[in-house]
Amino acid sequence: MFIRTKMLLAAATVAAMGATAQAQDAVKIGLILPMTGGQASTGKQIDNAVKLYMQQHGDTVAGRKIEVILKDDAAVPDNTKRLAQELIVNDKVNFIAGFGVTPAALAAAPLATQAKVPEIVMAAGTSIITERSPYIVRTSFTLAQSSTIIADWAAKNGIKKVATLTSDFAPGNDALNFFKQNFTAGGGEVVEEVKVPLANPDFAPFLQRMKDSKPDAMFVFVPAGQGGSFMKQYAERGLDKAGIKVIGPGDVMDDDLLAGMGDAALGTVTAHLYSAAHPSAKNKEFVAAYKKAFNQRPGFMAVGGYDGIHLIYEALKKTGGKTDGDGLIEAMKGMKWESPRGPISIDPETRDIVQNIYIRKVEKVDGELYNVEFATFEAVKDSGKTKK
């Protein structure tokens with residue numbers, strides 16, 4: 001009897017130790033972001049937002065500690081691939097997340113598939129990304145969502161001739177193609193088309209071509225972080241004085257940089273998923289908390305990061321802390337919640353985000369520039385997939 005009791009006690013102790021080990025076994029998130037280089041503002045916004053969310057919601061989910069391992073890929077895809085491999089093989093991460101630009105997200109996709117590790121895309125916006133791996137889920141946006149809507153708006157609001165300036169990589173091509181498709185279908189004409197290098201672009205010579213083509217407006221896509229330098233050169237070249245307005249997806253008017261753009265940005269109309277001026281109570285709380293923590297306003301990249309970490313937390317709650325990749329992806333499909341940007345969900349078929357797109361105009365509010373929303377298109381899916 002004594003021996004049996006000792007054996008039962010030993011078994012109970014081992015079971016308790018196992019349970020404690022599971023509770024202490026951290027869920028690891030490899031956060032791969034451009035913290036240096038031309039896209040550094042994207043990386044900093046997402047990193048800040050993840051930190052803020054974890055401050056607000058704690059660092060334990062379903063009895064599991066959450067550990068974030070931040071890596072800087074400087075938006076160079078070769079770096080992204082190497083870092084993703086190191087995180088999966090050496091650090092044994094349960095998620096890879098972040099991805100400031102499309103080439104970075106695509107570079108990691110085969111590794112996510114091979115390792116069955118969910119890849120949470122918090123920034124990159126090309127339509128095809130989620131098709132490159134069954135383990136990719138996106139909480140940012142696609143360029144098709146906003147570019148089609150600004151094209152329709154322009155065609156219906158007296159803009160007949162447009163010159164386009166887009167960054168020469170996949171998202172820029174998506175933005176251009178989806179804009180042209182809808183704008184020309186609405187009776188508009190593209191009178192000049194220019195593609196600029198992604199890395200360290202000098203916009204000045206291209207802006208002169210825009211000016212010479214005498215359009216009613218310029219359709220512009222440059223990635224988050226480049227809008228400030230674009231608007232500076234736009235004003236220096238006198239395009240604002242020539243009455244050539246800027247329209248486009250909202251990347252060019254990122255809240256992160258808008259306050260420093262000056263009055264040349266006034267009147268710019270863009271279609272986008274988020275504005276720091278979005279009037280919901282949830283967003284007002286988010287903006288206040290972000291400003292208090294980081295002494296600046298959040299932009300749309302911050303919201304992509306905030307919702308990305310929320311998605312991870314909620315998926316872990318649904319799986320009871322289990323980190324099987326297939327189970328986590330299933331848990332994410334169809335998930336809905338109220339974001340600072342408004343209501344969002346994950347399309348169960350495409351694993352892409354469904355969200356409101358707002359048409360906004362740059363105005364002064366209490367002496368500061370803001371993207372003030374004046375029209376809402378609800379529950380917009382990625383038309384890059386819906387038309388296939």
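Nothing here was measured: the structure is a model prediction, and the numbers come from that model.
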With a 4.0 Å cut-off, would you call [X] and [Y] a salt bridge?
X	Y	result
K385	E349	no
E86	K71	no
K282	E338	no
R82	D78	no
D347	K381	yes
D216	K160	no
E330	K333	yes

Could you pull out the closest heavy-atom pair between [X] and [Y], with the gap in Å?
X	Y	value
F141	A123	CE2-O, 3.0 Å
A74	N79	CB-ND2, 4.5 Å
G384	A144	N-CB, 3.9 Å
S275	D255	CA-OD2, 3.5 Å

Heavy-atom donor-acceptor pair, [X] side chain to [Y] backbone, under 3.5 Å:
X	Y	answer
K211	R237	yes
R209	A163	no
D72	P34	no

Given side chains that start at C-beta, do those of [X] and [Y] come closer than 4.5 Å, heavy atoms only?
X	Y	answer
T142	D174	no
W153	I159	yes
P298	V303	no
Y306	Q45	no
P171	T126	yes

Given a cutoff of under 4.5 Å between side-chain heavy atoms of I, L, V, M, F, W and Y, with clusters grown through shared members, what are the other residues clustered with V196?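 The other cluster members (ILVMFWY side chains, heavy atoms under 4.5 Å, direct or chained) are L165, V194, F203, F206, L207, M210, M218, V220, V222, F230, M231, Y234, L239, I244, V246, V252, M253, L257, L258, M261, L266, V362, L369.
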For V372, what are the other residues in its hydrophobic cluster, where any two members join if their side-chain heavy atoms are less than 4.5 angstrom apart?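 Same cluster as V372: V365, Y370.
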Just wondering, more than 12 heavy atoms not from [X] lying within 6.0 Å of its [atom1]?
X	atom1	result
K318	NZ	yes
K81	NZ	no
N90	CG	yes

Hey, mind stepping through D263 and K364 against salt bridge (Lys or Arg N to Asp or Glu O under 4.0 Å) and telling me if it holds? CA-CA 9 Å; D263 287 356; K364 274 197 176 160; 3.1 Å; yes
Pair Q181, N177: side-chain N/O donor-acceptor within cut-off below 3.5 Å: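 Note: Q181 and N177 side chains miss the donor-acceptor criterion.
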Would D73 and T80 count as having a side-chain donor-acceptor pair, cut-off 3.5 Å?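 A donor-acceptor contact under 3.5 Å links the two side chains.
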Hey, which of N283, D307, I357 is the one that makes side chain to side chain contact (heavy atoms under 4.5 Å, CB included) with R341?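 So, applying the side chain to side chain contact (heavy atoms under 4.5 Å, CB included) to R341 and each of N283, D307, I357, only D307 qualifies.
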Residue among V93, L31, L83, I96 satisfying side chain to side chain contact (heavy atoms under 4.5 Å, CB included) with I69: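 Running side chain to side chain contact (heavy atoms under 4.5 Å, CB included) over V93, L31, L83, I96 with I69 returns exactly one hit, V93.
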Is there any ring-ring contact (aromatic ring centres under 6.0 Å, His included) pair reaching into residues 111-138, and which pairs are they, with sequence neighbours excluded?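 For residues 111-138, and leaving out neighbouring residues, there are no ring-ring contact (aromatic ring centres under 6.0 Å, His included) pairs at all.
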Residues two or more places apart in sequence or in another chain: which of them pass salt bridge (charged side-chain N to carboxylate O under 4.0 Å, His left out) with K284?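 Once residues adjacent in sequence are excluded, K284 has no partner under the salt bridge (charged side-chain N to carboxylate O under 4.0 Å, His left out) criterion.
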Salt bridge (charged side-chain N to carboxylate O under 4.0 Å, His left out) against K291, all qualifying residues, sequence neighbours excluded: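 Partners of K291 by the salt bridge (charged side-chain N to carboxylate O under 4.0 Å, His left out) criterion come out as none, since no residue qualifies.
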Single-linkage hydrophobic cluster, 4.5 Å side-chain cutoff, [X] and [Y] together:
X	Y	answer
L106	F95	no
I46	I129	no
M122	I29	yes

Name all residues meeting the side chain to side chain contact (heavy atoms under 4.5 Å, CB included) criterion together with K232; count only those two or more places apart in sequence or in a different chain, and write none if there are none.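 Partners of K232 under the side chain to side chain contact (heavy atoms under 4.5 Å, CB included) test: E236.
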Would you check if the distance from the ring center of F183 to the ring center of F219 is below 6.0 Å?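 F183 vs F219: aromatic centres not under 6.0 Å.
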